[in-house]
Peer 1: 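Submitted below is the structure of interest, expressed as structure tokens.
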Amino acid sequence: MSRNEWARQYVVRTLKSQAICCPSRYLSMLAETPAGGPIRGLAPWIFLPYPEYTSVYCSEACNQPVLPFAQALGEDLIACFQNGPANNPTVIVLNPWTHNKRLLRRAELPSFDTWLSYAYHVSRGVGLRSLTPP
């Protein structure tokens with residue numbers, strides 16, 4: 001397994017080590033998305049190539065353990081798993097770079113599937129802005 005693939009599997013390994021269910025759609029989308037490439041139909045979202053480096057930063061920013069898995073490039077958004085009811089992960093979307101703590105948590109979602117819908121709307125918003133003349 002290459003270093004890049006090992007890093008991409010960090011989220012899967014960490015979820016399993018904490019006895020948290022890994023969403024099957026996450027696994028299939030991770031497998032079909034080229035490293036560093038946009039998630040199909042969800043650009044500018046990418047799966048983080050080295051989430052272990054982002055994990056400490058995001059956890060400190062929101063004062064709780066989170067597991068980052070995706071970033072919307074150019075949008076200051078990182079999606080993170082956190083342990084939810086019955087060991088099913090919920091998703092929190094953060095802007096960990098903001099200095100305004102009220103803007104830190106952008107969304108709290110009950111599941112990965114719900115995050116997919118959120119990510120789609122962010123993606124469409126980015127696409128519409130890029131088509132709007134200045």
Peer 1: List the atom of Val91, the atom of Ser111, and the distance in Å for their closest heavy-atom pair.
Peer 2: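 Closest pair (atom of Val91, atom of Ser111, distance): CG2-O, 3.8 Å.
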Peer 1: Can you tell me how far CG of Leu67 sits from CZ of Arg13, rounded to the nearest 0.5 angstrom?
Peer 2: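 The CG atom of Leu67 is 10.5 Å from CZ of Arg13, to the nearest 0.5 Å.
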Peer 1: Nearest 0.5 Å, please: how far is CG in Leu104 from CG in Asn95?
Peer 2: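 Separation between the atoms: 7.0 Å.
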Peer 1: Is the gap between the ring centers of Phe112 and Trp115 under 6.0 Å?
Peer 2: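 Here the rings of Trp115 and Phe112 have centres that are less than 6.0 Å from each other.
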Peer 1: Kindly give the heavy-atom pair with the smallest separation between Pro110 and Thr90, and that separation in Å.
Peer 2: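 Looking at all heavy atoms of both residues, the closest pair is O-CG2, 3.7 Å.
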Peer 1: With heavy-atom distances below 4.5 Å as the criterion, would you say the side chains of Gln64 and Val66 are in contact?
Peer 2: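 SC-SC contact between Gln64 and Val66 confirmed.
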Peer 1: Can you list, pair by pair, the side-chain donor-acceptor contacts under 3.5 Å of residues 37-48, counting residues two or more places apart and other chains?
Peer 2:
unit_1 : atom_1 : unit_2 : atom_2 : d
Arg40  : NH2    : Glu32  : OE1    : 3.3
Arg40  : NH2    : Glu32  : OE2    : 2.7
Trp45  : NE1    : Ala119 : O      : 3.4

Peer 1: Return yes if some donor-acceptor pair links the side-chain N/O of Ser55 with the main-chain N/O of Pro51 below 3.5 Å, else return no.
Peer 2: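 Such a contact is absent between Ser55 side chain and Pro51 backbone.
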Peer 1: If I take atom CG from residue Leu103 and atom OG1 from residue Thr98, how far apart are they, to the nearest 0.5 angstrom?
Peer 2: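 That separation rounds to 4.5 Å.
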Peer 1: When you compare the side chain of Arg106 with that of Leu77, does any pair of heavy atoms fall below 4.5 Å?
Peer 2: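 Side-chain contact under 4.5 Å: yes.
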Peer 1: I need the minimum non-hydrogen distance between Ser59 and Pro65, along with the two atoms involved.
Peer 2: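 In terms of heavy atoms, the two residues are closest at OG-CA, 3.6 Å.
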Peer 1: With a 3.5 Å cut-off and sequence neighbours excluded, list the donor-acceptor pairs that the side chains of residues 15-25 form with protein atoms.
Peer 2:
unit_1 : atom_1 : unit_2 : atom_2 : d
Ser17  : OG     : Thr14  : O      : 2.8
Arg25  : NH1    : Asp113 : OD1    : 3.4

Peer 1: Taking all atoms of both residues into account, what is the closest heavy-atom pair of Ala107 and Tyr118, and its distance?
Peer 2: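 Answer, listing the atom of Ala107 first, then Tyr118: CB-CE1, 3.6 Å.
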Peer 1: Do you know the tightest heavy-atom contact between Ile92 and Glu108?
Peer 2: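 Closest pair (atom of Ile92, atom of Glu108, distance): CG1-CG, 4.1 Å.
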Peer 1: Hey, any chance Leu27 and Tyr10 share a hydrophobic cluster, counting ILVMFWY side chains that come within less than 4.5 Å of each other, even indirectly?
Peer 2: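 They do share one cluster, since a chain of ILVMFWY contacts under 4.5 Å joins Leu27 to Tyr10.
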Peer 1: State, yes or no, whether a side-chain contact exists between Val93 and Ile78 at a heavy-atom distance under 4.5 Å.
Peer 2: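 Answer no - side chains too far apart.
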Peer 1: If you measure from CG on Leu94 to OH on Tyr57, what distance do you get to the nearest 0.5 Å?
Peer 2: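 If we round to the nearest 0.5 Å, Leu94:CG and Tyr57:OH are 10.5 Å apart.
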Peer 1: Mind telling me whether Tyr26 and Phe69 have parallel, tilted or perpendicular rings, with 30° and 60° as the class edges?
Peer 2: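 Taking Tyr26 first and then Phe69, their aromatic rings stand perpendicular (interplane angle over 60°).
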Peer 1: Are Gln82 and Pro89 close enough that some pair of their side-chain heavy atoms sits under 4.5 Å apart?
Peer 2: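 No, side chains not in contact.
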Peer 1: Considering non-hydrogen atoms only, spot the tightest contact between Val11 and Pro68 and give its length.
Peer 2: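 That would be CG2-O, 3.5 Å.
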